[in-house]
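Below: the structure, in structure tokens.
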Amino acid sequence: MTATTGDRSSTSAWRLDRVELRRIGLPLVVPFRTSFGSQTARDILLVRAELVDGAGGRTEGWGECVALGEPSYSPEYVDGAQHVIVHHLLPRLFDLAHVEAATVAPALAAVHGHPMAKGALEMAVLDAQLRAEDRSFADLLGATRETIPSGVSVGIHSSVDELLAAVQGYVDDGYVRIKLKIEPGWDIEPVAAVRQLIGPETPLQVDANTAYRRTDGEHLRRLDDFDLLLIEQPLAEEDIVGHARLAAEIETPICLDESLVSAATTADAIDLGACEIANIKPGRVGGYLEAVRIHDLCRERGIPVWCGGMLETGIGRAANAALAALPGFTLPGDISASTRFYAQDIVVDPITITDGQVTVPRSPGLGFELDRAFLDDCTTHTELHIGR
Ligand code: NPQ
Ligand code: MG
């Protein structure tokens with residue numbers, strides 16, 4: 001049986017009445033360096049959607065846009081996402097006679113690309129709809145698991161000793177899987193040192209964020225010595241054929257992240273032998289409903305999946321934890337405790353880790369409650385858009 005998001009119990013037809021766009025600034029507890037740069041803070045776009053029904057009933061929900069400040073991970077960036085939402089997406093949603101999570105993507109399909117912007121809107125509508133139905137996202141998904149294993153993503157450091165100290169700290173925190181960011185010049189040596197530190201049993205994987213070339217197969221084959229779970233996105237996002245060739249050259253399984261922009265591209269990458277494992281990030285694929293479709297197709301084809309992370313606040317982290325409770329998520333995801341990245345979160349119930357596990361949220365909506373006072377403290381901009 002596969003997960004479904006098609007059933008809903010509400011009988012009211014909701015319209016989108018108003019949307020608040022809010023930008024927040026959150027400093028990171030430590031700089032996070034990847035092959036595409038080093039970040040010390042997040043500038044995040046939040047969406048508050050207010051829905052109204054024919055009888056004047058109201059519900060509100062929140063979504064989080066995962067676009068970064070610059071188009072360095074993917075083509076989207078936060079100012080661009082906000083622009084496309086205001087000028088191209090909201091007018092289409094305000095026009096709809098019946099808004100629910102499932103009607104958002106079809107209404108926005110005429111706009112090409114911009115999955116992170118679209119996904120944030122669908123997410124806010126989904127949260128609002130679930131709150132009106134007094135239902136949790138985990139329940140809607142049919143998620144059976146109560147906890148999920150928690151992995152941690154570790155940035156590039158300036159020395160191997162510094163990296164080992166950071167990894168030891170995360171092992172002490174209880175994370176059950178370590179992911180190391182790599183790039184040319186920071187790969188074999190740090191991976192060998194970390195494998196030595198954590199021993200043969202602790203699951204270890206690497207993420208290159210597109211930093212290698214097709215001709216690097218011989219070099220990357222050296223990673224086969226370290227019994228890695230996977231190597232994530234070694235080549236350019238467009239280079240599906242290159243990943244298929246690399247998969248034939250090395251033993252470490254190839255996992256795609258940036259390349260997987262939809263269920264259709266995921267199916268093709270699997271058919272070509274380019275995707276032995278899939279990283280599912282709802283924002284990258286246009287929302288949680290498409291993420292579930294990717295989960296379902298990977299499960300049918302025997303491709304293991306895990307839930308990626310975009311340094312989300314408690315909003316996205318809660319929704320990701322519910323998604324990752326689906327049965328096809330057979331590998332630990334990048335859903336770490338909120339404190340891995342942030343000293344304080346904008347929710348009153350931030351994600352924590354206990355014995356290496358995160359509890360799947362079960363409260364109505366996506367599974368978080370906002371800390372309104374702190375949210376206001378870290379808000380840098382708000383604007384309100386009113387429908388017709
Ligand atoms: C990845 N995430 O899997 C992404 C990359 C990413 C947890 O490794 C600020 C700075 C925000 C760096 C969001 C993880 C980021 C960032 C995502 C990197 O490829
Ligand atoms: Mg990645």
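In what follows, every heavy atom counts, from backbone to side chain, and hydrogens, waters and symmetry copies are set aside. For ligands, and for the atoms within them, numbers begin at 1 and follow the listed sequence.
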Check your understanding: Of the choices Asp257, Asp43, Leu311, which has the non-hydrogen atom that lies closest to atom 9 (C) of ligand 1?
Key -> Leu311
Review point. What protein heavy atom sits nearest atom 13 (C) of ligand 1, and how far away is it?
Key: Leu68 CD2, 3.6 Å
Study note, to complete from the structure: Note: ligand 1 atoms sitting under 4.0 Å from heavy atoms of Tyr73 are 19 (O)
**Study point:** Main-chain N/O of Leu366 paired to Asp127 side chain as donor or acceptor, under 3.5 Å
**Key:** yes
Exercise for review: Check whether any N or O atom of Lys281, backbone or side chain, sits under 3.5 Å from an N or O atom of ligand 1, and answer yes or no.
Suggested key: yes
Practice item. May I ask you to check if Arg33 and Trp186 form a cation-pi contact, with NZ or CZ under 6.0 angstrom from the six-membered ring centre and within 45° of the axis? Key: no
Exercise for review: Begin from the C-alpha positions of Ser259 and Gln233 and carry the test side chain to side chain donor-acceptor pair (under 3.5 Å) through to its verdict.
Suggested key: CA-CA 8 Å; Ser259 292; Gln233 197 71 39; 2.9 Å; yes
Check your understanding: Pick one: which of Lys281, Arg177, Arg340, Arg317 meets salt bridge (charged side-chain N to carboxylate O under 4.0 Å, His left out) with Asp334?
Key -> Arg177
Review point. Does Arg284 come within less than 4.0 Å of Glu258, counting only side-chain N to carboxylate O?
Key: no
Practice item. Could you tell me whether ligand 1 has any atom less than 4.0 Å away from a heavy atom of Lys181? Key: yes
Exercise for review: Answer side chain, backbone, both or neither: which part of Leu28 comes under 4.0 Å from ligand 1, heavy atoms only.
Suggested key: neither
Practice item. Any atoms of ligand 1 less than 4.0 Å from a non-hydrogen atom of Arg42? List them with their elements. Key: 9 (C), 11 (C)
Review point. Which ligand 1 atoms are under 4.0 Å away from a heavy-atom of Glu232?
Key: 3 (O)
Point to revise | Any N/O pair Thr34/ligand 1 closer than 3.5 Å | key: no
Point to revise | Phe137 six-ring face occupied by Arg131 cation (under 6.0 Å, within 45°) | key: no
Exercise for review: Enumerate the protein N/O/S atoms at a distance below 2.8 Å from the Mg ion (ligand 2), ignoring waters.
Suggested key: Asp207 OD2, Glu232 OE2, Asp257 OD2
Check your understanding: Should Ser153 be counted as touching ligand 1, given the test is an N or O pair under 3.5 Å?
Key -> yes
Study note, to complete from the structure: Closest to atom 6 (C) of ligand 1 among protein heavy atoms sits Phe36 CZ, 4.1 Å
Exercise for review: Considering heavy atoms of the protein only, find what lies nearest to atom 17 (C) of ligand 1 and give residue, atom and distance to 0.1 Å.
Suggested key: Met310 SD, 3.5 Å
Check your understanding: Any idea which atoms of ligand 1 are less than 4.0 Å away from a heavy-atom of Lys179?
Key -> 1 (C), 3 (O), 8 (O)
Review point. Which bit of Val66 is near ligand 1, meaning a heavy atom under 4.0 Å away: side chain, backbone, both or neither?
Key: neither
Practice item. Work out which heavy atom in Ser150 is nearest to a heavy atom in Tyr175; give both atom names and the distance. Key: OG-CE2, 3.3 Å
Check your understanding: Can you check whether Asp207 has an N/O within less than 3.5 Å of an N/O in ligand 1?
Key -> yes
